[in-house]
Every structure is written in structure tokens, then in C-alpha cells.
Amino acid sequence: MTKLSISLDLLDNIENFDELSKEHWEDFGNKTPAFNKAYLESGKVITARDNGKVVGYVMFFIGRCPAYEENWCTVTMYYLQHQYRNAGVGSKMFDLVERTAKQEGCVNLVASYNHKQPLNNFYSRLGFNATHTAVAKEI
């Protein structure tokens with residue numbers, strides 16, 4: 001029997017972060033990034049744990065929106081291992097992101113996703129609306 005927990009956590013507490021982030025990027029068919037952990041530690045992270053082992057994360061930053069006088073929360077990375085998907089785990093993780101952001105005075109929650117792993121239905125179910133499109137080009 002599994003004991004699943006969702007909580008606000010610290011990057012340092014994710015013992016298997018290197019392994020999990022590599023799995024995350026391999027899932028997209030991308031090269032593994034060299035994460036700047038000092039930068040990531042300046043943000044916040046929600047983890048999903050199964051019997052204490054991290055099986056997913058949502059990393060996000062809270063800050064002042066440069067175009068408006070309000071706080072926004074920006075999700076920068078989201079990953080959940082395949083066997084935990086479509087079971088409400090991701091929704092619970094984002095519920096905690098939203099509650100945390102509201103407690104810190106945020107009025108917008110922004111997230112993006114890679115088209116190699118389309119998550120538009122997932123985000124739509126969580127109440128997100130497509131407002132912008134991000135494009136990227138390797139140079």
C-alpha cells in the first residue's frame with residue numbers, strides 16, 4: 001500500500017532530484033539541463049511523495065509582475081512520474097501551488113508546458129485559460 005503526500009518542500013529535501021530531473025527531461029526527448037540549483041532554491045517547490053520518495057515536483061516563483069503592480073506566481077517546471085498521472089495527484093499539487101500563491105498575495109498563476117508533452121487538457125481542467133503563446137528557438 002502506498003502512502004502519498006503532497007507538500008510545500010525544499011529543493012534540498014529532494015534526495016533524488018538529479019535522477020528525477022533527468023527522467024523529466026528524457027521524457028521530453030531533450031538533453032539533460034545543468035540546473036543552477038542556487039537559482040532554483042530561490043523559488044518554491046511542491047513535491048508528491050510516495051512512501052517518502054519524491055515522485056513529482058512543481059517548481060514555481062513568486063514575484064512582482066513587471067507590467068502591473070501585482071504579484072504573480074510563475075510555474076517553471078512540473079513533472080510527475082507516469083504511474084501517478086491521471087489519478088488526481090497533479091491536481092492536488094497545483095491546488096497547493098495556488099493556495100501558497102494566494103497566501104503570498106498573488107493574483108495570477110502562470111504556467112507553460114512543452115509541446116512535446118501536451119498538457120493543455122490538464123491545465124484546462126485546473127481552470128487555466130490560454131492567454132499567451134511562448135515560442136523558442138535554439139540559436
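Position 1 is the first residue of the sequence; numbering continues from there.
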Counting only pairs under 3.5 Å, give me each side-chain donor-acceptor contact of residues 98-109, with atom names and distances, residues two or more places apart or in other chains.
{"unit_1": "Glu98", "atom_1": "OE2", "unit_2": "Lys102", "atom_2": "NZ", "d": "3.4"}
{"unit_1": "Thr100", "atom_1": "OG1", "unit_2": "Leu96", "atom_2": "O", "d": "2.8"}
{"unit_1": "Glu104", "atom_1": "OE2", "unit_2": "Lys44", "atom_2": "NZ", "d": "3.1"}

Side-chain donor or acceptor of Arg85 paired with backbone N/O of Leu80 under 3.5 Å: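 Yes, because the side chain of Arg85 sits within donor-acceptor range (under 3.5 Å) of the backbone of Leu80.
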
Check: Asp50 side chain, Leu4 main-chain N or O, donor-acceptor pair, under 3.5 Å: no

Joint hydrophobic cluster, Tyr78 plus Leu10, side-chain heavy atoms closer than 4.5 Å: no

Expected list for residues 52-69: side-chain donor-acceptor pairs under 3.5 angstrom, two or more places apart:
{"unit_1": "Tyr57", "atom_1": "OH", "unit_2": "His24", "atom_2": "ND1", "d": "2.7"}
{"unit_1": "Arg64", "atom_1": "NH1", "unit_2": "Asn71", "atom_2": "OD1", "d": "3.3"}
{"unit_1": "Arg64", "atom_1": "NH2", "unit_2": "Glu69", "atom_2": "OE1", "d": "3.4"}

Val89 vs Ile6 side-chain heavy atoms within contact, under 4.5 Å: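 Yes - at least one pair of side-chain heavy atoms lies under 4.5 Å apart.
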
By side-chain hydrogen bond (donor to acceptor under 3.5 Å, both in side chains) - contacts of Glu23 (at least two apart):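 Expected list: Tyr79, Gln81.
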
Spatial distance of atom CZ (Phe17) from atom OG1 (Thr47) [nearest 0.5 Å]: 12.0 Å

